[in-house]
2 protein chains.
Amino acid sequence: MLSIGELSKRTGVKVPTIRYYEQMGLLAAVERSGGNQRRYSRTDLERLAFIRHARDLGFEIERIRELIALSNHPKDACEGADRIALAHLSDVRDKIDRLKKLEHELERIVSHCSGHTVEDCYVIRALSDHGLCDHEH
Amino acid sequence: MLSIGELSKRTGVKVPTIRYYEQMGLLAAVERSGGNQRRYSRTDLERLAFIRHARDLGFEIERIRELIALSNHPKDACEGADRIALAHLSDVRDKIDRLKKLEHELERIVSHCSGHTVEDCYVIRALSDHGLCDHEH
DNA sequence: CATAATTGCTCTAGCCACTAGAGGTTCAAG
DNA sequence: CTTGAACCTCTAGTGGCTAGAGCAATTATG
């Protein structure tokens, strides 16, 4: 049985975050010591590692809740898990696309800035005047 | 003079967001009608367009505050504005890099999923077992 | 075994950039 | 003059934590 601090060290999830996940219902309320301190089993550690891994991959708490529910019904098709992962992948790709457009616009703006005073500064001017932009955003 | 609703239509910034920007000090507190309703001038509209444009490019409120301060001192060097824009560009690039790693990891996970039940599902297994991953994250 | 340091507990509030809603007032059209 | 849309302020909620107060339990040291 691990204390919350030991669990934290082993998973890399901070102590308040572990308590937060419990509050959010991702981790079940766990056994307590005589003095009301949480005691975690190996199973709890594995579930937390699962959560952490999913968070690292950018899944939302709500999606993780769904993934846990699916993993608890091993006879169900894994269609659900696939769908969640593919939807997330699509979100990630959308974000990348949007950020790349920003990147190019910002590159263009800073590369044009050759003035030494704000009057000439392309950064400020570009922000003031949308007409100086290449595309919509 | 424009009402807040007209200003909203012309800039594409929602009414509560305009009030929020005023509260945050990006827009100065503005003239009011007899009945305490906000009335905006062309100058106010231009400033709001500036703010909107900067937000669209992903600048934080605090950075926009700084950019406005710089644009109000046209004799100062535009070094500051350049620095803010370059720092933001660097943030955007970092985000893109991180998202691309996620993208590849997710692609790998979903492409390996050929099982029909959760027991075989690579999505669930990959999340349970970090050892199945290619690199650190 | 006493004490001190560390770790744990709960509860509340803060972060960012809005968004939603309640409950009331003002304005413009007909 | 009435109706209905738009406006006002204020509070609370979003997501995923993080920080801090004020206290209790556990562990390490003398």
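Just so we're on the same page: letters track the sequence lines, and every chain starts at 1.
- Atom pair A:R38:CZ and C:dT7:C1' shows a separation of 13 Å (rounding to whole Å applied).
- Side-chain N/O atoms of A:S33 include one lying less than 4.0 angstrom from OP1 or OP2 on D:dT26.
- Using a 4.5 Å cut-off on side-chain heavy atoms (C-beta onward), A:Y21 and A:R55 make contact.
- The distance between atom CD of B:E22 and atom P of C:dA17, rounded to the nearest whole Å, is 18 Å.
- Rounding to whole angstrom units, CE of residue B:M1 and P of D:dA6 are separated by 21 Å.
- Taking the nucleotide of DNA chain C with the nearest heavy atom to each of B:F59 and A:S3, the more 5' of the two is matched to A:S3.
- Within the 4.0 Å cut-off from OP1 or OP2 of C:dC27, not a single side-chain nitrogen or oxygen of B:R32 is found.
- In this structure, A:Q37 places its CD atom 12 Å from P of C:dT7, rounding to the nearest Å.
- Of the candidates D:dT18, C:dC9, C:dA17, C:dA17 carries the atom nearest the B:I61 side chain, counting heavy atoms from C-beta on.
- Considering only heavy atoms from C-beta on, B:R63 stays 4.5 Å or farther from B:H88 through its side chain.
- Under 4.0 angstrom from either OP1 or OP2 of C:dA17 there lies no side-chain N or O belonging to B:Y21.
- No donor-acceptor pair under 3.5 Å is formed between the side chain of A:N72 and the backbone N or O of A:A69.
- Under 4.0 Å is where a charged nitrogen must lie from a carboxylate oxygen, and between A:R65 and A:E62 at least one such pair does.
- The NZ atom of A:K9 sits 6 Å away from the P atom of C:dT7 (whole-angstrom rounding).
- Between the C1' atom of C:dC18 and the CZ atom of B:R19 lies a distance of 13 Å, rounded to the nearest Å.
- For B:T17, a side-chain nitrogen or oxygen approaches OP1 or OP2 of C:dT19 to under 4.0 Å.
- An OP1 or OP2 oxygen of D:dA6 is reached within less than 4.0 angstrom by no side-chain nitrogen or oxygen of B:R39.
- Of the candidates D:dC8, C:dC18, C:dG8, the closest approach to any side-chain atom of A:V15 belongs to C:dG8.
- Using a 4.0 Å heavy-atom criterion, one finds that B:E60 contacts the sugar-phosphate atoms exclusively.
- If A:G35 and A:K14 are placed on DNA chain D by their nearest nucleotide, the residue sitting closer to the 5' end is A:K14.
- Put simply, OH on B:Y20 is 18 Å from P on D:dC8, counting in whole angstrom units.
- Atom C1' of nucleotide C:dG8 and atom CG of A:L7 are separated by 14 Å, given to the nearest angstrom.
- Under the 4.0 Å criterion applied to side-chain N and carboxylate O atoms, A:E103 and A:K100 are not assigned as salt-bridge partners.
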